[in-house]
Amino acid sequence: MTGGGDCPGLNAVLNAVVKSALRYGYQIYGIENGFNGLVNDNMKLLTFQDVSGILPRGGTVLGTTNRDNPFKFAHEHEDGTITYTDERETVVRNLARRGIEALIVIGGDGSLAIGSQLARECGVKVVGVPKTIDNDLPCTERTFGFDTAVAMATEALDRLHTTAESHHRVMLLEVMGRYAGWIALHSGVAGGADVILIPEIPYHMDAIINKIHERQRQGKMFSIIVVAEGSKPEGGEMTVARMVKASFDPIRLGGVGFKLADQIEQATGIESRCTVLGYLQRGGSPTAFDRVLCTRYGVAAVEACIQGNYDVMVALRNDSIVQVPLEEAGSKPRSVPLDSEIIKAARYIGISFGDEV
């Protein structure tokens with residue numbers, strides 16, 4: 001099953017899981033729309049033909065949702081009210097009725113945390129595969145989907161450069177990442193940003209303005225700023241776009257880029273514009289790196305089942321696929337370390353993180 005937000009590479013993992021499992025003689029059920037399919041018993045046997053040609057496709061042929069926690073399953077009523085029921089017994093019953101021995105959960109921290117709870121409290125045998133463009137899962141050096149998201153953000157920065165330089169503007173690109181700045185950091189360095197703002201380093205407006213003025217003194221009449229959606233000023237709060245009641249994580253961040261653009265324009269008099277990359281980062285065909293990583297993850301998940309190693313997540317460490325405890329995989333998100341070699345390199349070449357006034 002695939003859970004949480006869509007992500008480039010979901011189909012590539014599914015392709016590897018189905019092909020390797022069928023070659024070992026297993027039957028594989030595809031569960032539709034994440035945990036919703038587990039509760040409502042919407043699943044089907046998959047064949048080689050079902051995964052033919054899906055390796056390069058974005059999204060997921062199984063469908064997904066970032067709602068429908070079986071331990072707190074939401075029911076929306078006509079009057080707009082929401083009630084919740086505990087459907088763990090329904091899940092266990094549906095798996096048993098089909099003779100399903102193990103559940104492979106492809107998801108981020110929310111989906112893997114639910115998978116871990118199913119294993120711990122219900123005895124379901126679970127193997128997790130780390131998915132998120134945010135790259136913020138603990139226990140693994142890289143989640144699939146991240147490389148594709150960075151490539152998209154970098155291409156956007158390349159395009160924004162031409163407009164910024166032509167019109168002598170400050171151009172801001174707001175990228176996803178939730179509470180971690182991995183996408184902003186990597187795309188900002190790759191895309192030649194002048195300022196990179198990430199949640200791990202609260203910013204000062206004076207530092208941003210000083211960087212813009214410094215570039216003007218050097219004869220550079222434009223500036224490029226990458227801002228992670230979870231960025232916040234020193235002593236301030238993250239910008240919340242909206243709340244989604246029935247979701248694993250109800251908080252939806254967004255809007256900080258527009259706030260910054262207004263503040264910069266008022267402080268400098270320079271025309272400033274913000275582009276929110278949004279769901280473009282999560283769509284489309286995965287990069288070659290992600291396709292290879294997805295294939296390795298999918299095969300490793302099946303190998304874990306064959307070995308009888310359950311309640312684990314497959315992870316990338318030192319360019320090798322290993323197994324780590326599933327419970328740890330759904331724990332505290334992995335932030336960008338302040339002593340990151342990439343941050344140090346960025347500072348050396350003059351990129352500002354908005355913290356040095």
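What you see below is based on every heavy atom in this structure, not just the backbone, and it leaves out hydrogens, waters and symmetry mates.
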Over all atoms of both residues, closest heavy-atom pair of Thr140 and Tyr297: OG1-OH, 3.2 Å
Hphob cluster co-occupancy, Val302 + Leu112, side-chain heavy atoms under 4.5 angstrom: no
Contact summary for Ala304 and Gln323, nearest pair of heavy atoms: CB-NE2, 3.6 Å
Polar contact flag, side-chain donor to acceptor under 3.5 angstrom, Glu87-Thr85: yes
Contact summary for Met171 and Ala164, nearest pair of heavy atoms: CG-CB, 3.3 Å
Heavy-atom side-chain contact between Ile201 and Ile343 under 4.5 Å: yes
Any Glu32 side-chain heavy atom under 4.5 Å of Lys44 side chain: yes
Glu200 side chain to Val336 backbone, donor-acceptor under 3.5 Å: yes
Within one Ile-Leu-Val-Met-Phe-Trp-Tyr cluster: Val189 and Ile183, side-chain cutoff 4.5 Å: yes
Within 6.0 Å of CZ in Arg159, more than 12 heavy atoms from elsewhere: no
Derivation and outcome, side chain to side chain contact (heavy atoms under 4.5 Å, CB included), residues Asp68 and Asn33: CA-CA 9 Å; Asp68 300 324; Asn33 301 318; over 6 Å; no
Main-chain N/O of Thr162 paired to Glu165 side chain as donor or acceptor, under 3.5 Å: no
Glu121 CD: over 12 foreign heavy atoms closer than 6.0 Å: yes
Side-chain donor/acceptor of Asn318 to backbone N/O of Ser320, under 3.5 Å: no
Flag if over 12 foreign heavy atoms under 6.0 Å of CD, Gln218: yes
Side-chain donor-acceptor contact under 3.5 Å, Asp79 with Thr81: yes
Asp194 vs Ile225, side chain to side chain contact (heavy atoms under 4.5 Å, CB included): CA-CA, chis, key distance, verdict: CA-CA 6 Å; Asp194 306 300; Ile225 300 175; 5.8 Å; no
Co-membership, hydrophobic cluster, residues Met205 and Val227, 4.5 Å side-chain: yes
Same apolar cluster: Leu293 and Ile133, side chain cutoff 4.5 Å: no
Check: Ile208 and Leu197 side chains under 4.5 Å, non-hydrogen atoms: yes
Value rounded to 0.5 Å, distance of CD in Glu234 from NE2 in His204: 4.5 Å
Greater than 12 external heavy atoms within 6.0 Å of Phe48's CZ: yes
Distance (rounded to the nearest 0.5 Å) between Cys274 SG and Leu260 CG: 8.0 Å
Atom CD of Glu237: over 12 foreign heavy atoms under 6.0 Å: no
Sub-4.5 Å side-chain heavy-atom contact between Asp319 and Arg296: yes
Shortest non-hydrogen contact between Thr143 and Thr132, atoms and distance: OG1-O, 2.6 Å
Heavy-atom donor-acceptor pair, Ser231 side chain to Ala228 backbone, under 3.5 Å: yes
Any donor-acceptor N/O pair, Asp134 side chain to Gly177 backbone, under 3.5 Å: yes
Side-chain donor/acceptor of Asn94 to backbone N/O of Val91, under 3.5 Å: no
Donor-acceptor pair, side chain of Glu265 and main chain of Ser272, under 3.5 angstrom: yes
Test item: His213 and Thr268 side chains (from C-beta on) under 4.5 Å apart, heavy atoms: yes
CZ-CG distance between Arg273 and Asp262, expressed to the nearest 0.5 angstrom: 9.0 Å
Lys131 and Val13: CA distance, side-chain angles, deciding distance, side chain to side chain contact (heavy atoms under 4.5 Å, CB included) verdict: CA-CA 10 Å; Lys131 170 236 70 170; Val13 175; over 6 Å; no
Val61-Val105 co-clustered via ILVMFWY side chain contacts under 4.5 Å: no
Side-chain donor or acceptor of Arg67 paired with backbone N/O of Phe35 under 3.5 Å: no
Asn36 side chain to Thr65 side chain, donor-acceptor N/O pair below 3.5 angstrom: no
Over 12 foreign heavy atoms within 6.0 Å of CD, Gln27: no
Identified side chain to side chain contact (heavy atoms under 4.5 Å, CB included) partner of Leu172 from the options Val226, Ile264, Val195: Ile264
Ionic contact status for Asp41 with Arg97, cut-off 4.0 Å: yes
Arg142 side chain near Pro130 side chain, heavy-atom distance below 4.5 Å: no
Beyond-backbone contact of Val124 with Leu95, side-chain heavy atoms, under 4.5 angstrom: yes
Parallel, tilted or perpendicular: ring planes of Trp182 versus His186, cut at 30 and 60 degrees: tilted
Worked check of side chain to side chain contact (heavy atoms under 4.5 Å, CB included) between Thr275 and Leu160: CA-CA 9 Å; Thr275 297; Leu160 287 175; 3.8 Å; yes
Atom pair CE (Met43) and CE (Met1), whose distance is rounded to the nearest 0.5 Å: 10.0 Å
Test item: Arg334 and Cys139 side chains (from C-beta on) under 4.5 Å apart, heavy atoms: no
Donor-acceptor contact present, side-chain Tyr310 to main-chain Val127, <3.5 Å: no
Nearest heavy-atom neighbours spanning Asp355 and Ala207: N-CB, 4.2 Å
Spacing of Thr163 atom OG1 and His167 atom NE2 [to the nearest 0.5 Å]: 6.0 Å
Ala16 backbone acceptor or donor facing Thr295 side chain under 3.5 Å: no
Straight-line distance of Glu328 CD to Met313 CE, nearest 0.5 Å: 9.5 Å
Leu55 versus Pro286, closest heavy-atom pair with distance: O-CG, 4.0 Å
Sidechain N-carboxylate O distance under 4.0 Å for Lys211, Glu214: yes
